[in-house]
Amino acid sequence: SLQEALGPTAPRLPHTLIFSLPTVRAIAEFVNKHAVDHTDRHVMTKPQSGMGDTCQQSPSRDVIRMAATSCATPGGCTSVVGFWTALFHSADTLCTPPASRCELRLFNDNILSGHFVFGAELFDHTQCSMSAAEVKVTDPNQRLLLEVGLESLVGAKYQAAMLSQGGTGVFIGFGQTPWMAVQQQLPPSVFSGHGVVASASAGRISFTLGLQGPCLAVDTACSSSLVALHTAYHCLQMGSCLSALAAGVSLHPHASSWVSTPGLPLAPNGCSKTFDAAADGYGRGEACFVVVLQTVSTDLHGLHLNDLRLCGAAANQDGRSASFSAPSGQAQQSVVRAALQAVTMESQKHGVETHGTGTALGDPVEVEALQTVLSCGCARDAPLVLGALKTRIGHTEFAAGCAGVCRAAFALQHMHHSLNLHLQIPNPYLEVDAVLLPVQVTSAAMQSMGVSSFGFTGTNTHAVLQTDS
């Protein structure tokens with residue numbers, strides 16, 4: 001009908017027009033552009049809005065800064081300011097599951113306490129270009145990630161035009177959840193496929209905002225979101241994108257996630273007792289953390305990026321360790337060394353946000369690996385400060401790596417290292433002479449912070465933040 005209305009002198013409109021150019025404005029611009037040249041019969045033969053050259057830049061060692069962060073965490077924190085305020089206090093977020101969790105009554109006798117994001121069932125679909133029918137079958141993890149992701153880009157002062165023109169990449173740490181079991185109880189829907197697959201968690205953000213940079217979801221279990229950030233870091237260095245959103249999300253909408261499960265070292269009382277002699281597994285937690293990264297050389301919009309730099313990131317694999325899920329100290333040492341290659345560490349006051357799940361084997365292996373690598377580079381008059389956010393909000397699994405980055409950012413910007421809970425008697429297998437395990441809010445004017453995250457299938461990653469101040 002449009003072709004006929006335009007008349008015989010108009011360019012031929014492809015049958016795929018509304019898919020290639022999904023807005024009235026885009027169609028009008030196309031028709032106007034090709035009204036004279038009838039030989040151009042293809043839509044978008046040239047890359048849009050400068051996108052074509054973002055993937056052609058040569059590798060560089062550009063400075064990469066954190067443009068913004070956002071989060072939703074246990075304890076009712078829906079902003080980074082709220083999260084950082086909570087870090088100053090010693091309140092524990094451990095509680096029983098909220099009534100909104102599916103099938104709670106079926107597991108009531110065996111349910112574990114945990115660290116929950118309240119209100120996760122609430123979602124304003126009108127703000128996120130989703131229909132009510134689509135929302136009904138969509139994993140709440142995707143919905144929460146979309147909300148927090150949009151908030152992070154607003155915090156970075158990005159505008160819609162900037163996003164569509166700047167080659168922004170989306171890198172998400174996310175994997176399998178019990179949502180498929182919930183979805184199977186609902187009537188079939190054309191939206192069911194997108195509502196349950198991990199790749200949609202990243203693709204939905206790019207679709208909603210019109211982002212055309214690299215877009216992927218990463219599942220390396222507990223290290224997923226830090227591997228996503230590592231991937232974003234290297235894509236920025238290679239020039240594959242100009243800015244990047246790295247994130248992780250972990251919600252457990254089905255009550256079956258809160259029952260003691262063989263193969264998962266869940267603490268019976270729901271507490272992660274990292275570094276403690278009584279460590280008996282991790283307490284499960286829920287959260288969403290998003291980090292926006294941007295290269296300084298492409299800060300064309302005057303965003304006034306803060307003084308936090310992501311100056312190194314690396315990932316590797318345990319390989320043939322003692323067992324499939326057992327940690328490898330040698331591999332952990334290697335990944336930390338690799339992340340530090342581009343970092344000047346001499347005489348620096350350095351801290352590490354550890355993986356620190358609170359297991360009798362994992363904690364000593366990690367601390368020994370960190371001491372081996374960092375004992376030569378840190379300031380001799382200052383101990384290596386080790387933090388464990390999991391003692392505060394539980395193990396947030398897919399989101400744990402980006403959660404550690406946000407806590408490290410807090411320590412560097414506010415010159416305080418928040419306390420580790422549930423630490424009474426240190427694990428006797430820890431060499432604690434040269435490390436500091438804060439049990440109260442500690443003044444710590446550190447110049448750099450490392451963040452470790454290790455997946456139980458063997459994928460390790462480490463990232464390093466530094467501050468200019």
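Residues take their numbers from the sequence shown, with the count starting at 1. For clarity, every value in this text was computed on a predicted model and none was experimentally measured. Every heavy atom of this structure was used, including side-chain atoms; hydrogens, water molecules and symmetry mates were not.
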Determine whether L146 and M130 make a side-chain contact, defined as any pair of heavy atoms from C-beta on separated by less than 4.5 Å.
yes
Can you run down the ring pair (Phe, Tyr, Trp, His ring centres under 6.0 Å) pairs that involve residues 196-232, sequence neighbours left out, and say none if there aren't any?
H230-H234
Centre-to-centre under 6.0 Å for F171 and Y233, is that the case here?
no
F456 atom CZ: more than 12 heavy-atom contacts under 6.0 Å:
no
Between the SG atom in C311 and the CD1 atom in I64, the distance rounded to the nearest 0.5 Å is 10.0 Å
Please name all residues satisfying side chain to side chain donor-acceptor pair (under 3.5 Å) with D318, sequence neighbours left out, ordered by chain then number.
N460
Which residues pass the ring pair (Phe, Tyr, Trp, His ring centres under 6.0 Å) test with F275, sequence neighbours left out?
none
Which residue pairs pass the side chain to side chain donor-acceptor pair (under 3.5 Å) test when at least one of the two sits in residues 265-277, sequence neighbours left out?
N269-K273, K273-D280
Ring centres of H395 and H355 under 6.0 Å apart?
yes
Would you compute the distance between atom OH of Y282 and atom CG of L266 and round it to the nearest 0.5 angstrom?
5.0 Å
Hey, what do you get for CG (N420) to CG (L386), rounding to the nearest 0.5 Å?
8.5 Å
Using the salt bridge (Lys or Arg N to Asp or Glu O under 4.0 Å) rule, take R143 and E134 through it: C-alpha gap first, then chi angles, then the decisive distance, then the call.
CA-CA 11 Å; R143 295 168 5 197; E134 186 174 10; over 6 Å; no
How about D307 and T467: does a side-chain donor come under 3.5 Å of a side-chain acceptor?
yes
Going by the ring pair (Phe, Tyr, Trp, His ring centres under 6.0 Å) test, which pairs reach into residues 174-200, not counting sequence neighbours?
F174-F398
With the side chain counted from C-beta on, respond yes when L310 and L229 share a heavy-atom pair under 4.5 Å apart, and no when they do not.
yes
Testing the 3.5 Å rule here: is there a donor-acceptor pair between the side chains of E397 and H252?
yes
For the residue pair H115 and T93, confirm or rule out a side-chain donor-acceptor distance under 3.5 Å.
yes
E368 atom CD, over 12 foreign heavy atoms within 6.0 Å
no
If only atom types and distance count, is the side chain of H254 paired as donor or acceptor with the main-chain N or O of P178 below 3.5 Å?
no
Distance check, rounded to the nearest 0.5 Å: C241 atom SG versus L236 atom CG?
4.5 Å
Can any side-chain N or O of S225 pair as donor or acceptor with the backbone N or O of G401 at less than 3.5 Å?
yes
Indicate whether the side chain of N141 and that of S201 have a donor and an acceptor atom separated by less than 3.5 Å.
no
From OG1 (T461) to CD (Q317), nearest 0.5 Å
12.0 Å
What residues form a salt bridge (Lys or Arg N to Asp or Glu O under 4.0 Å) with E151, not counting sequence neighbours?
none
Which value, rounded to the nearest 0.5 Å, describes the distance between S189 atom OG and K136 atom NZ?
9.5 Å
Side chain to side chain, V451 and H462, heavy atoms closer than 4.5 Å
no
Does K390 pair with E353 as a salt bridge, N-O distance under 4.0 Å?
no
